[in-house]
Asker: 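I have a structure here, written as structure tokens, and I will follow up with some questions on it.
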Amino acid sequence: MQVGYACINQTLGGNCDRTFKETGSRCGSCFKCLGGKPKSKIYTNRTCIARTFDINTVSQKIVANLDDLLTILRWNEDHDIRFMRLSSEMFPFMSHDRLGYEIEELPDADQILLKLRQIGQYARDNEHRLTFHPGPFNVLSSENSDTVRRTIHELNCHSRIFDLMGFEQTPYNKINIHLGSGSQDHDGARSRFIENFALLDTNTQLRLTLENDDKGNMFSVADLIPVHEATGIPIVFDYHHHQFCTGGLTEQEALELAISTWPDGITPVVHYSESRTLEQGGEAPTPAHSDLCHGPMRLYGNDVDIMVEAKAKELAVFTLDIMMG
DNA sequence: CATGGTCAAGTGGCA
DNA sequence: TGCCACTTGACCATG
């Protein structure tokens, strides 16, 4: 079992202002709290906006993002964290209709390709599991053919990065999305999803996973099962989302149903977060994520890798209270 | 150099 | 109708 976090390391990134503003307490361990300089900021989200897009700048940002990713992985290793979600912003605008590019045509392509191999090698050597979770704009089930086309391209771009890291083509390095666009018509959305899934590159198909939604009219774990049966796509169980969309299953039932969709030999991934509203003393839970974990999180005896989706990132990993039984 | 307005993209749900 | 939520705050122009 590994416990990981998503995209950003606050300690290295010095990004605790949000936590400070909303809770009044600083993390105490980021570079700002320790008196460091902004220059030393380590993060992998360097991006740009379309208006100022410049391929040379983007290429340099990618180099810096990959350098910092390796720094973060080393920090993780030092702190016994061997599971991390990579930011889709590491390669800004890569799949954009007008501004998109191939990695090979970037000015720093050689350096970037080398760094990707080095990151992959480091992850394999130290058994770090790296995953992607492309943004909510990826809707494979959309009725809009342009949206589907862009989604296919973006997912393939993500998969290509894992290929360049030298990873096997399995959901060990998953690319996770939601089914999307089916609140009024589950059957139609599932059909379109299955149809469009066939259009993805094979390596992308082999890495794709589906996550249960956080809205009652959307897709519970049970609602995703027909898609799993048609495509073999494993299901990622999100504990927090399940509260808002149970599909009539208990937490344990939904967890174990999702686990049953994973291939032998690959540890299933689950997502764990808690309600921000409850954390701040509210009455009813809402989908927005908490800063930290308060738990306990129950595993019911199952072995999974846990992606903690809390705003305080790696700091929240250390607050996770896991109940094995 | 701090601040606030703005930023590629889809969809659903709430005030 | 507008805004927030989700992957994930960062960029950039202004003072």
Side-chain angles (χ1 to χ4, degrees), chain A residues 4-10 13-19 21-22 32 37-39 41 43-54 57-58 61 64-65 68-69 72 84-101 131-155 157-158 174-186 188-189 192-193 196 209 211-219 236 238 240-241 244-245 271 273 275-277 284-290 307-314:
Chain A
Y5 62 99
C7 306
I8 291 169
N9 181 303
Q10 292 209 67
N15 196 21
C16 72
D17 278 1
R18 177 197 174 95
T19 307
K21 279 176 191 162
E22 297 185 9
K32 278 185 190 168
K37 295 178 180 135
K39 202 176 167 183
K41 187 167 167 155
Y43 69 121
T44 67
N45 299 333
R46 290 175 190 81
T47 183
C48 60
I49 62 174
R51 182 162 47 86
T52 62
F53 183 93
D54 167 64
T57 309
V58 166
K61 286 184 188 235
N65 285 340
D68 283 1
L69 174 57
I72 291 172
M84 178 160 217
R85 178 185 301 165
L86 305 186
S87 169
S88 296
E89 283 190 340
M90 279 198 312
F91 289 81
F93 290 74
M94 181 170 48
S95 69
H96 190 271
D97 270 352
R98 182 169 50 88
L99 304 171
Y101 47 84
T131 64
F132 271 126
H133 195 337
F137 313 106
N138 291 277
V139 186
L140 209 45
S141 67
S142 177
E143 295 185 83
N144 179 332
S145 61
D146 276 334
T147 300
V148 172
R149 178 180 53 75
R150 282 191 288 264
T151 298
I152 289 172
H153 186 223
E154 169 129 340
L155 294 176
C157 284
H158 280 79
K174 74 183 167 73
I175 298 172
N176 181 64
I177 59 172
H178 291 256
L179 196 148
S181 84
S183 68
Q184 306 305 315
D185 176 14
H186 279 201
R192 290 190 297 274
F193 184 96
N196 295 330
T209 61
E211 175 182 351
N212 56 308
D213 284 305
D214 63 359
K215 297 185 181 81
N217 287 335
M218 296 298 282
F219 295 89
V236 170
D238 186 306
H240 185 46
H241 293 175
F244 306 97
C245 184
H271 291 175
S273 62
S275 162
R276 169 162 220 81
T277 326
T286 52
H289 294 322
S290 60
M307 175 52 59
V308 173
E309 295 179 327
K311 296 296 182 190
K313 303 299 176 186
E314 85 285 0

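Note that these values count all heavy atoms, side chains included, but never hydrogens, waters or copies made by symmetry. In what follows, chains are A, B, ... by sequence order, proteins preceding strands, each numbered from 1.
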Asker: Mind calculating the distance between CD1 (Ile49(A)) and P (dC12(C)) to the nearest angstrom?
Answerer: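 Result: 5 Å.
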
Asker: Using atom C1' of each nucleotide, how far apart are dG9(C) and dA5(C) to the nearest Å?
Answerer: 14 Å

Asker: Using the P atom on both, measure dC12(C) against dA8(B) and round to a whole Å.
Answerer: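 It comes out at 10 Å once rounded to the nearest Å.
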
Asker: Can you tell me the distance, in whole Å, between the CZ atom of Phe132(A) and the P atom of dT7(C)?
Answerer: 16 Å

Asker: May I ask you to decide if the ring planes of Phe244(A) and His240(A) are parallel, tilted or perpendicular, using 30° and 60° as cut-offs?
Answerer: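 Correct class here is perpendicular.
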
Asker: Using a heavy-atom cut-off of 4.0 Å across all strands, would you classify Thr151(A) as base, sugar-phosphate, or nothing?
Answerer: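 It contacts nothing in the nucleic acid.
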
Asker: Just N and O in the side chain of Thr147(A): are any of them under 4.0 Å from OP1 or OP2 of dG10(B)?
Answerer: yes

Asker: What is the nucleic acid contact for Gly100(A), judged by heavy atoms within less than 4.0 Å: base, sugar-phosphate only, or nothing?
Answerer: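 The residue Gly100(A) makes no contact with any strand.
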
Asker: In whole Å, I'd like the distance from the CG atom of Asp146(A) to the P atom of dG10(B).
Answerer: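 Nearest whole value for this atom pair: 9 Å.
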
Asker: Among dA8(B), dT11(B), dG9(C), which is the nearest nucleotide to the side chain of Phe93(A)?
Answerer: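 Nucleotide nearest to Phe93(A)'s side chain: dA8(B).
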
Asker: Given that both pair distances must be under 3.5 Å and the pair must be Watson-Crick or G-U, what runs of three or more consecutive pairs involve DNA chain C?
Answerer: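 DNA chain C forms these stems: B:1-7 with C:9-15, B:10-15 with C:1-6.
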
Asker: For the pair made of CG in Asp238(A) and P in dT7(C), what is the distance, rounded to whole Å?
Answerer: 7 Å

Asker: Please classify the nucleic acid contact of Ser87(A) as base, sugar-phosphate, or nothing, using heavy-atom distances under 4.0 Å.
Answerer: nothing

Asker: Please tell me which of the listed nucleotides, dT8(C), dG10(B), dA13(C), lies nearest to the side chain of Arg150(A)?
Answerer: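 When the side chain of Arg150(A) is considered, dG10(B) is the closest of dT8(C), dG10(B), dA13(C).
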
Asker: State which of dG9(C), dT11(B), dT7(C) makes the closest approach to the side chain of His241(A).
Answerer: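 Of the candidates, dT7(C) comes closest.
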
Asker: Using the C1' atoms only, state how far dC3(C) lies from dT6(B), rounded to an integer number of Å.
Answerer: 15 Å

Asker: Between the main-chain N or O of Ser95(A) and the side-chain N or O of Glu154(A), is there a donor-acceptor pair closer than 3.5 Å?
Answerer: no

Asker: Looking at Tyr43(A), I'd like to know if the NZ or CZ of Arg46(A) sits under 6.0 Å from its six-membered ring centre while staying within 45 degrees of the ring's axis.
Answerer: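 Yes, a cation-pi geometry holds between Arg46(A) and Tyr43(A).
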
Asker: Taking any heavy-atom pair under 4.0 Å as a contact, classify Arg98(A): base, sugar-phosphate, or nothing.
Answerer: nothing

Asker: Is it the case that the side chain of Arg85(A) and the backbone of Ala6(A) share a donor-acceptor pair, with hydrogens and angles ignored and the cut-off at 3.5 Å?
Answerer: no

Asker: Assess whether salt bridge (charged side-chain N to carboxylate O under 4.0 Å, His left out) is satisfied between Arg149(A) and Asp97(A), documenting all intermediate values.
Answerer: CA-CA 10 Å; Arg149(A) 178 180 53 75; Asp97(A) 270 352; 3.1 Å; yes

Asker: To the side chain of Thr47(A), which of dT7(C), dT11(B), dA10(C) is closest?
Answerer: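 Within the option list, the nearest is dA10(C).
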
Asker: If I pick the P atom on dT8(C) and the same atom on dC7(B), what distance separates them, to the nearest angstrom?
Answerer: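 Comparing P positions in dC7(B) and dT8(C) gives a spacing of 23 Å.
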
Asker: Could you tell me how far apart Leu155(A) (CG) and dT7(C) (P) are, to the nearest whole angstrom?
Answerer: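 Checked: the CG to P distance equals 15 Å.
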
Asker: Ignoring backbone atoms, test whether Asn217(A) places a side-chain nitrogen or oxygen under 4.0 Å from the OP1 or OP2 oxygen of dG13(B).
Answerer: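 Yes, Asn217(A) has a side-chain N/O under 4.0 Å of OP1/OP2 on dG13(B).
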
Asker: Expressed in angstrom and rounded to an integer, what is the separation of His133(A) atom NE2 from dC6(C) atom P?
Answerer: 11 Å

Asker: With sugar-phosphate meaning primed atoms plus P, OP1 and OP2, does Asn144(A) contact a base, only sugar-phosphate, or nothing at under 4.0 Å between heavy atoms?
Answerer: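 If one applies the 4.0 Å heavy-atom cut-off, Asn144(A) turns out to touch nothing in the nucleic acid.
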
Asker: Of Ala6(A) and Thr52(A), whose closest DNA chain C nucleotide lies nearer the 5' terminus?
Answerer: Ala6(A)

Asker: If you measure from the C1' atom in dT7(C) to the same atom in dA2(B), how many Å do you get, rounded?
Answerer: 28 Å

Asker: On DNA chain C, check which nucleotide each of Asn45(A) and Arg51(A) is closest to and give me the residue with the more 5' one.
Answerer: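 This one resolves to Asn45(A).
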
Asker: Ring-on-base stacking between Phe137(A) and dG10(B), under 5.5 Å between centres and under 30° between planes: is it there?
Answerer: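 No, Phe137(A) does not stack on the base of dG10(B), since the centre distance and plane angle fail the 5.5 Å and 30° test.
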
Asker: For the side chain of Asp68(A) and the backbone of Asn65(A), is there at least one donor-acceptor N/O pair under 3.5 Å apart?
Answerer: no

Asker: Over how many whole Å does the gap from Asp213(A) atom CG to dG12(B) atom P extend?
Answerer: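 These atoms are roughly 10 Å apart.
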
Asker: In whole angstrom, give the distance that lies between atom CD of Glu143(A) and atom P of dA9(B).
Answerer: 20 Å

Asker: For Met218(A), is there any backbone N or O sitting under 3.5 Å from a side-chain donor or acceptor partner on Asp213(A)?
Answerer: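 No.
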
Asker: Can you give me the closest heavy-atom contact between Thr57(A) and Asp54(A), atom names plus distance?
Answerer: OG1-OD2, 2.6 Å

Asker: Before we go on, tell me: are the rings of His133(A) and His158(A) under 6.0 Å apart, centre to centre?
Answerer: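 No, they do not, as the ring centres are separated by 6.0 Å or more.
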
Asker: Using the P atom as the reference point in each nucleotide, state the distance between dC4(C) and dG5(B) in Å, no decimals.
Answerer: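 Result for the P pair: 13 Å, nearest Å.
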
Asker: Establish, with yes or no, whether the OP1 or OP2 oxygen of dT8(C) is under 4.0 angstrom from a side-chain nitrogen or oxygen of Lys313(A).
Answerer: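 Looking at the OP1 and OP2 atoms of dT8(C), one of them is under 4.0 Å from a side-chain N or O of Lys313(A).
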
Asker: If you check the Ser181(A) side chain, which of dT7(C), dT11(B), dG9(C) turns out closest?
Answerer: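 Between dT7(C), dT11(B), dG9(C), the one nearest the side chain of Ser181(A) would be dT11(B).
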
Asker: Heavy atoms only, 4.0 Å cut-off, all strands: where does Tyr43(A) land among base, sugar-phosphate and nothing?
Answerer: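 Sugar-phosphate, no base atom in range.
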
Asker: Is any side-chain nitrogen or oxygen of Arg85(A) closer than 4.0 Å to OP1 or OP2 of dT8(C)?
Answerer: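 Indeed, a polar side-chain atom of Arg85(A) lies that close.
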
Asker: Would you indicate which nucleotide in dC11(C), dG12(B), dA10(C) comes nearest to any side-chain atom of Lys215(A)?
Answerer: dG12(B)

Asker: Please determine, for the side chain of His178(A), which listed nucleotide (dT7(C), dT8(C), dA8(B)) has the closest atom?
Answerer: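 Looking only at heavy atoms from C-beta outward on His178(A), the closest nucleotide is dT7(C).
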
Asker: Hey, is the main chain of Ser142(A) close enough, under 3.5 Å, to the side chain of Thr147(A) for a donor-acceptor pair?
Answerer: no

Asker: When we call it a touch if two heavy atoms are under 4.0 Å apart, what does Glu309(A) touch: a base, just sugar-phosphate, or nothing?
Answerer: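 Counting heavy atoms under 4.0 Å across all strands, the contact made by Glu309(A) is with sugar-phosphate only.
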
